[in-house]
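Structure record follows, encoded as structure tokens.
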Amino acid sequence: MSICELKNVCRTYGSGAGKVEALKHVSLTIEPGEFTVLCGPSGSGKTTLLNQVGLLDVPDEGTLSVDGQLVGGLSSGELSKVRGQKIGFIFQSFNLIPVLTAVENVELALQLAGREGGERVAAEAVLEQVGLAGLGHRRPNELSGGQQQRVAIARALVKKPLLVIADEPTANLDSENGEAVLSTMQRLNREFGTTFVFSSHDAMVVAHARRVVTLRDGAIVSDERRAATS
Ligand code: ADP
Ligand code: MG
């Protein structure tokens, strides 16, 4: 079963003269274990598309299913339940809670999901998976940008989501930290089969993805699968 399937999805913002067709009949299927980057110029619809896949926004037209379930008829409460159970998010600006330590930021994701017990052990294990063993006691301002983003990856992964979505995860990082974040995502994909969909206009990131979906003016203009590069 596919992880997520969009068929003919349209999303239009505004109306009249201010109308913007941000997605125009987009169809896209994400299969388990894929590592997909969405690329395309600024304004081409990458964020709008990720918001659809992440159930943060709903289509005006077309259908979307996640894990085989059509989500079109769900209420916003039901949508947020599916989102909380199945999707992990990584943001461009990390979005860590500054007063919490790294391990507490990761634990919080489990606590918000209702988990009682074992959060510390689970959070430490996933911090180790992203290469941050021993740094769990630090607050975000005591970590580099790349380390902060890896805490955010750990937070997205700790609930073992079906799919991890990242909107420009390396855009606020220098190239060295960007590469560390990308290679962490790749390793998690390879070792644990975590499915990633993310956006980027960084050529280095695009060069490493196994599937590259290119958007232009709200439409998919190419969808290329390549052999693994690492
Ligand atoms: P990208 O992430 O590729 O830069 P976006 O998905 O953010 O592109 O935007 C696609 C188009 O939709 C752009 O023309 C943008 O200006 C417009 N847009 C995005 N969000 C909104 C919004 N909330 N209201 C109105 N227009 C929007
Ligand atoms: Mg964007």
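Indexing begins at 1, ligand by ligand and atom by atom, following the structure's order. Note that the numbering runs from 1 along the sequence shown for the chain.
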Taking [atom] as the reference point, the nearest protein heavy atom with its distance:
atom                    : value
atom 8 (O) of ligand 1  : Gly45 N, 3.2 Å
atom 5 (P) of ligand 1  : Thr48 OG1, 3.7 Å
atom 23 (N) of ligand 1 : Tyr13 CE2, 3.8 Å
atom 7 (O) of ligand 1  : Thr47 CB, 3.7 Å

Considering residues, nucleotides and ligands other than [X], do more than 12 of their heavy atoms fall under 6.0 Å from its [atom1]?
X      : atom1 : result
Glu116 : CD    : no
Asn8   : CG    : yes
Glu176 : CD    : no
Arg120 : CZ    : yes
Lys7   : NZ    : no
Gln111 : CD    : yes

Report task. For Gly43 and ligand 1, answer yes if some heavy atom of the residue is under 4.0 Å from a ligand atom, otherwise no. Result -> yes

Query raised in the report: At the 4.0 Å heavy-atom cut-off, does Gly14 count as touching ligand 1?
Result: no

Requested in this report: For the pair Gln148 (side chain) and Leu143 (backbone), establish whether a donor and an acceptor sit closer than 3.5 Å, ignoring hydrogens and angles.
Outcome: yes

**Report entry** Sub-4.0 Å atoms of ligand 1 with respect to non-hydrogen atoms of Ser42
**Finding:** 4 (O)

Report task. With rounding to the nearest 0.5 Å, note down the distance linking CD1 in Ile220 to CG in Leu23. Result -> 8.5 Å

Report task. Have a look at ligand 1 and work out which part of Val20, if any, has a heavy atom under 4.0 Å from it: side chain, backbone, both or neither. Result -> side chain

Query - For ligand 1, the portion of Pro41 having any non-hydrogen atom under 4.0 Å away - result: backbone

Query raised in the report: What do you think, any protein heavy atom under 4.0 angstrom from atom 16 (O) of ligand 1?
Result: no

Query raised in the report: Is the distance between the Mg ion (ligand 2) and the nearest N/O/S atom of Thr47 smaller than 2.8 Å?
Result: yes

